[in-house]
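Here is the structure we will look at.
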Protein chains: 2
Amino acid sequence: MQEGCTVNLTVKYLTKKWTLLVILELYKGKIHTRRFGELKDSLPGITSKVLSARLKELEDEGLVNRRVEAGCFPIKSEYTLTESGLEIVEIIKGMKRWALKWKIDNIACGNQACEQCVL
Amino acid sequence: MQEGCTVNLTVKYLTKKWTLLVILELYKGKIHTRRFGELKDSLPGITSKVLSARLKELEDEGLVNRRVEAGCFPIKSEYTLTESGLEIVEIIKGMKRWALKWKIDNIACGNQACEQCVL
DNA sequence: CGGTATCCTTTCGGATACTG
DNA sequence: CAGTATCCGAAAGGATACCG
């Protein structure tokens with residue numbers, strides 16, 4: 001595997017700060033689509049700038065769909081995971097399983113089961 | 001999932017530059033252990049500083065074993081993947097499968113099969 | 001041989017303010 | 001409401017030199 005290889009490129013955008021959280025937030029809402037402000041509120045501490053950047057990256061990579069409600073004010077936009085986005089959640093779940101098997105510390109979540117994670 | 005959660009912490013060190021490459025380099029050599037200089041040569045472009053830092057992180061996280069040959073000069077050190085290190089390769093393989101399914105670009109590798117990757 | 005130490009550049013992300 | 005623009009500090013990583 002070389003630096004520019006597929007896996008590496010994937011990891012590159014997938015592992016920026018907040019990206020995983022954004023994906024999981026969208027995953028939680030897979031029945032109903034999610035709005036920008038809704039996402040922002042669900043991710044305490046994230047700034048508009050970063051959320052916007054992460055969503056754009058994910059959209060560019062085909063993991064996220066963005067739909068803007070036409071001709072209404074204020075603007076409404078909706079985000080959903082694409083098929084590939086949904087599939088990558090399975091990989092994140094794999095990481096979670098690995099982490100629970102090999103790591104005992106799970107401080108911030110407060111519990112090993114980590115129910116809040118939907119994982 | 002919150003910022004300090006297990007998965008997030010895992011991702012955090014796993015996704016630093018070079019980390020994946022280092023793990024896979026060790027994976028390749030799973031029959032014979034690997035020396036520092038050997039790893040450095042196998043990863044063109046990496047500096048001693050970064051390789052050293054990555055190996056230490058992985059050792060701290062329990063993915064890598066470091067063994068120093070006692071009382072010889074020049075020093076000889078050997079690195080191997082631990083059990084958890086070997087298991088995480090399976091997750092990397094999952095990412096690879098995902099990437100090959102959803103991404104068509106595989107420029108640096110030159111081929112979709114990506115044999116050099118051992119994945 | 002297997003690293004550290006130092007410096008320096010680049011990148012990232014936080015804070016804040018602004019806009020169609 | 002859904003972002004964009006600007007500025008700034010922190011951190012990561014590359015280059016180079018050095019050491020036991």
Side-chain angles (χ1 to χ4, degrees), chain A residues 2-4 8-23 25-26 29 32-61 64-80 108, chain B residues 1-4 8-23 25-26 29 32-61 64-80:
Chain A
Q2 292 157 37
E3 250 205 280
N8 245 356
L9 294 173
T10 302
V11 176
K12 208 145 208 160
Y13 64 81
L14 213 59
T15 59
K16 293 185 145 185
K17 195 169 179 187
W18 293 108
T19 302
L20 242 49
L21 287 305
V22 170
I23 292 176
E25 211 45 53
L26 288 167
H32 62 290
T33 57
R34 310 213 70 191
R35 309 274 302 280
F36 186 88
E38 214 179 340
L39 289 170
K40 192 164 176 334
D41 292 341
S42 314
L43 300 165
I46 200 169
T47 60
S48 298
K49 179 193 168 188
V50 172
L51 177 54
S52 166
R54 288 305 98 91
L55 285 169
K56 192 163 297 176
E57 287 157 15
L58 290 170
E59 200 193 346
D60 289 346
E61 295 295 335
V64 161
N65 271 327
R66 172 169 178 263
R67 204 172 28 210
V68 182
E69 205 124 322
C72 70
F73 190 87
I75 293 163
K76 286 186 185 180
S77 63
E78 292 183 335
Y79 293 90
T80 41
Chain B
M1 184 162 82
Q2 293 159 35
E3 253 203 280
N8 244 357
L9 293 174
T10 302
V11 175
K12 210 146 208 157
Y13 65 80
L14 213 58
T15 60
K16 293 188 145 184
K17 196 167 178 189
W18 294 106
T19 301
L20 242 48
L21 287 305
V22 171
I23 292 176
E25 212 46 53
L26 287 168
H32 61 291
T33 57
R34 308 213 72 191
R35 308 276 300 280
F36 187 88
E38 214 180 339
L39 290 169
K40 192 164 178 330
D41 292 341
S42 313
L43 300 165
I46 202 171
T47 60
S48 299
K49 177 192 169 188
V50 172
L51 177 54
S52 165
R54 287 307 96 91
L55 286 169
K56 192 163 295 178
E57 286 157 17
L58 290 170
E59 200 193 348
D60 288 346
E61 295 296 333
V64 161
N65 271 326
R66 173 169 178 263
R67 202 171 29 208
V68 183
E69 204 124 324
C72 68
F73 189 87
I75 293 163
K76 287 185 185 183
S77 62
E78 293 183 333
Y79 294 90
T80 42

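Chain A is the first sequence line, chain B the second, and so forth, proteins listed ahead of strands; every chain is numbered from 1. Predicted model only: the values in this text are computed from it and were never measured.
- Between A:E69 and A:I75, every side-chain heavy-atom pair lies at or beyond the 4.5 Å cut-off.
- A 4.5 Å side-chain heavy-atom check between B:L55 and B:E59 finds every atom pair outside the cut-off.
- A:K40 places its NZ atom 14 Å from the C1' atom of D:dT4, with the value rounded to the nearest Å.
- When side chains are defined from C-beta on, B:I23 counts as touching B:L14, because their heavy atoms get closer than 4.5 Å.
- Where the helix from C:dC1-D:dG20 to C:dG20-D:dC1 starts and where it ends, the local axes point in directions that differ by 50°; five pairs per end, rounded to 10°.
- Close to C:dC1, at under 4.0 Å from its OP1 or OP2, lies no side-chain N or O of B:R35.
- Shown are B:R67, B:R66, B:R34; of these, the side chain to side chain donor-acceptor pair (under 3.5 Å) with B:Y79 is made only by B:R66.
- Across C:dG20, C:dG3, D:dA2, the shortest atom-to-atom separation from the side chain of B:Y79 is found for C:dG3.
- Rounded to an integer number of Å, the gap from A:L43 CG to D:dG3 P is 14 Å.
- Across D:dA2, D:dG13, C:dG2, the shortest atom-to-atom separation from the side chain of A:K76 is found for D:dA2.
- Across the protein-nucleic acid pair, A:I46 atom CD1 and C:dT16 atom C1' stand 16 Å apart, rounded to whole Å.
- For A:K49, taking side-chain heavy atoms from C-beta onward, the closest of the listed nucleotides C:dG2, C:dG14, C:dA5 is C:dG14.
- If you check distances only, the side chain of B:K16 never reaches the base of D:dG13 with a donor-acceptor pair under 3.5 Å.
- Taking atom CD of A:E69 as the reference point, atom P of D:dA2 lies 10 Å away to the nearest angstrom.
- Within the 4.5 Å cutoff, no side-chain heavy atoms of B:V64 are placed close to those of B:V22.
- Remark: side-chain polar atoms of A:R54 are paired, donor with acceptor, to backbone N or O of A:K17 under 3.5 angstrom.
- Within 4.0 Å of A:S77, counting heavy atoms only, lie sugar-phosphate atoms of the nucleic acid but no base atom.
- Here B:W18 does not reach the OP1 or OP2 of D:dA12: none of its side-chain N or O atoms lies under 4.0 Å away.
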